[in-house]
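Contents: one structure, followed by commentary.
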Amino acid sequence: MSQRWTQTVAAAVVALAAASTGTAEEEAGKAHVSGGPGYPANDLFAVEFAEIDGRNIPDREDLWLEPGTYRLTVIVPERFTESKINQSQRFDTTDYVDFDLTVEAGKRYEIRGRWNRLDRDDPYDIVIHDVVSD
């Protein structure tokens, strides 16, 4: 095995460890709320979470939450906030969208943005793409 490949694998392991929100024990009994990946063929795009109940958090795609109801804020990427025709006329059109979500322990909630490419007035929706029991 080459040293470069070993360093690459080691860096990937460190990156995965840093991306984890906690140990398996810490995540037990919680709900997993995921904002990605996107599914471009279905006009679904990934979102990142920016707030929980009005409290800022570092932007991230995954959350582990205790059962309950939360007000979550997601970041909608700029390229989905307006039709392509209108985008050339505006700058910094990133949107922050609040929504309420009730979660149950042991379930994964997949939150996505849905691009409404033909609707200039309402170019996207935030949707629960799927709910899966872990």
Side-chain angles (χ1 to χ4, degrees):
M1 179 182 322
S2 75
Q3 185 171 352
R4 181 176 180 179
W5 189 82
T6 304
Q7 289 173 341
T8 303
V9 171
V13 170
V14 169
L16 284 174
S20 176
T21 57
T23 66
E25 291 174 357
E26 292 172 335
E27 294 170 357
K30 295 184 179 178
H32 180 194
V33 183
S34 170
Y39 302 100
N42 295 331
D43 286 334
L44 295 173
F45 58 87
V47 296
E48 289 187 329
F49 300 99
E51 292 183 7
I52 301 172
D53 292 334
R55 292 173 299 157
N56 290 332
I57 59 171
D59 299 346
R60 63 183 69 185
E61 276 192 6
D62 292 291
L63 301 172
W64 291 91
L65 301 172
E66 296 286 339
T69 300
Y70 298 89
R71 173 149 295 213
L72 301 176
T73 302
V74 295
I75 300 170
V76 176
E78 181 178 357
R79 68 185 175 274
F80 298 108
T81 60
E82 293 188 19
S83 69
K84 298 293 183 195
I85 294 168
N86 294 337
Q87 274 189 12
S88 62
Q89 300 168 2
R90 293 191 49 194
F91 300 99
D92 191 25
T93 56
T94 299
D95 281 347
Y96 293 82
V97 179
D98 296 331
F99 66 97
D100 294 327
L101 180 67
T102 301
V103 298
E104 297 177 23
K107 292 190 177 182
R108 183 177 71 241
Y109 298 82
E110 296 186 5
I111 309 299
R112 304 292 184 271
R114 181 177 30 221
W115 172 233
N116 302 325
R117 65 179 68 240
L118 300 178
D119 189 344
R120 289 183 184 178
D121 296 326
D122 192 18
Y124 67 88
D125 296 311
I126 302 300
V127 298
I128 299 174
H129 174 63
D130 201 4
V131 178
V132 180
S133 295
D134 286 338

Minimum heavy-atom distance P67-G29, with the two atoms named: CD-O, 3.6 Å

Under 3.5 Å donor-acceptor, R112 side chain and S34 backbone: yes

Side chains of I111 and V33 in contact at under 4.5 Å (non-hydrogen atoms): yes

Would you indicate whether the side-chain heavy atoms of F49 and I57 approach each other to under 4.5 Å? yes

Is any NZ, NE, NH1 or NH2 atom of the basic residue among D100 and R71 found under 4.0 Å from an Asp or Glu carboxylate oxygen of the other? yes

Should L65 and K30 count as side-chain neighbours, where that means a heavy-atom distance under 4.5 Å? no

For a 4.5 angstrom cut-off between non-hydrogen side-chain atoms, does I126 reach V76? yes

side-chain contact (heavy atoms from CB on, under 4.5 Å) test vs V131 passes for just one of K107, E110, R108, namely K107

Looking at side-chain heavy atoms only, is the closest gap between L63 and L72 below 4.5 Å? yes

Smallest separation among heavy atoms of A46 and E61, with atom names: CB-OE2, 3.9 Å

Measuring from atom CD of E104 to atom OH of Y109, what distance do you get when rounded to the nearest 0.5 angstrom? 4.5 Å

Evaluate the ring pair (Phe, Tyr, Trp, His ring centres under 6.0 Å) criterion for residues H129 and Y39: first the C-alpha distance (whole Å), next the side-chain angles of each, then the deciding distance (0.1 Å), finally the verdict. CA-CA 10 Å; H129 174 63; Y39 302 100; 5.3 Å; yes

Is the shortest heavy-atom distance from the side chain of V74 to the side chain of F99 under 4.5 Å? yes

Donor-acceptor pair, D119 side chain versus D122 backbone, under 3.5 Å? yes

Using a 4.5 Å cut-off on heavy atoms from C-beta on, say whether the side chain of F45 contacts that of P77. yes

Stepwise, does the side chain to side chain contact (heavy atoms under 4.5 Å, CB included) test hold for N116 with D43? CA-CA 8 Å; N116 302 325; D43 286 334; over 6 Å; no

Report yes if the side chains of V47 and I75 come closer than 4.5 Å at any heavy-atom pair, otherwise no. no

Which atom pair, heavy atoms only, marks the closest approach of D95 to Y124? OD2-OH, 2.8 Å

Heavy-atom pair with the smallest gap, counting every atom of P123 and W115: O-CE3, 3.0 Å

